[in-house]
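So the structure is just underneath, and the comments pick up after that.
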Amino acid sequence: MYELFKNLGSWLTSGSQWTGTDGIAHRLAEHLQYSLLATLVAAAIGLPLGLLIGHTGKGAFLAINLASFGRALPTVGLVVLVFLAGGLSMLPVYVALVALAVPAIVTNTYAGMTAVDPDVKDAARGQGMRGHQVLFQVELPLALPLIMTGLRLALIQVVATATIAAYVSFGGLGRYVFDGLAQRDLVQVLGGAVLVAVVAVALDLLLSGLQRFLFRHRTA
């Protein structure tokens, strides 16, 4: 075990391991590209849907059950299905990652909207605000903490799952995991897994700090 971790440390700190198209820096950039793009697309889909459901109160059944759908989604199976239908491209990977991220964004956005005090919304309407004004000037600002939590959860899930890009011969940190398994190189497999975990934790800490900074003046 000691020898394994010693080799892992050498693998992670070797200068040659960080350069070139197969280097950690390049694979990390690919992984972040896949993750951030998929999360942005998921946010463009999930945020409006969650806001609409939360504001109108219609479709709550959909929002509640999307969470269960996200947990039960066979990501690799979805990649293979889209791959068979659309051919060899990054499309299957993005479809799977977006499908994984949307439920967390929708459910947390919906939860944030429903957590807004009805009396506050009634008071806003009593002051003559129209529906869209209540949504964007009252409900959305108050729901933002939970909405950002949903975005954090979605991004971390996507980062952890973006290794599947290597399953269909593309890049990212998953390349080390799949190549290591094929070559029976345990150090490479463990190195890839450690890098993915570090990236996920780092992004979560970054977004958590940003969230605390943005809402530092709010009372509990």
Which heavy atom of V159 sits nearest a heavy atom of H31, and at what distance? O-NE2, 2.8 Å
Is the backbone of R130 close enough, under 3.5 Å, to the side chain of Q133 for a donor and an acceptor to pair up by distance? yes
From T13 atom OG1 to I24 atom CD1, the distance as rounded to the nearest 0.5 Å: 9.0 Å
So, does Y34 use its side chain to make a donor-acceptor pair with the main chain of G171 at under 3.5 Å? yes
Rounded to the nearest 0.5 Å, what separates atom CG in L205 from atom CG in L210? 12.5 Å
Under 4.5 Å between side-chain heavy atoms, counting indirect links through other Ile/Leu/Val/Met/Phe/Trp/Tyr residues: same cluster for L146 and L52 or not? no
Nearest non-hydrogen partners of S35 and L155, listed with the distance: O-CD1, 4.2 Å
Closest heavy-atom pair and its distance - T149, Q211: OG1-NE2, 3.2 Å
So which heavy atom on L135 is nearest to which on P141, and how close? O-CD, 4.3 Å
Are W11 and Y176 close enough, and set up right, to give a ring-ring contact (aromatic ring centres under 6.0 Å, His included), and what steps lead you there? CA-CA 11 Å; W11 186 87; Y176 298 124; 5.1 Å; yes
Please confirm whether the backbone N or O of A104 pairs with a side-chain atom of T107, one donor and one acceptor, at under 3.5 Å? yes
Closest non-hydrogen atoms of V199 and L173, given as atom of the first, atom of the second and distance, are CG2-CD1, 4.1 Å
Check the pair V98, V158 against side-chain contact (heavy atoms from CB on, under 4.5 Å), reporting the backbone distance first and the verdict last. CA-CA 8 Å; V98 169; V158 167; over 6 Å; no
For G54 and M113 the tightest heavy-atom approach is CA-CB, 3.7 Å
Rounded to the nearest 0.5 Å, what separates atom CE in M148 from atom CG in L153? 11.5 Å
Measure the CG-CD1 distance between D204 and I156 for me, rounded to the nearest 0.5 Å. 4.5 Å
What is the distance from atom CG of L207 to atom CZ of R212, rounded to the nearest 0.5 Å? 11.0 Å
Main-chain N/O of F170 paired to R175 side chain as donor or acceptor, under 3.5 Å: yes
Look up atom NE2 in H26 and atom OG1 in T21, then write down how far apart they are to the nearest 0.5 Å. 6.0 Å
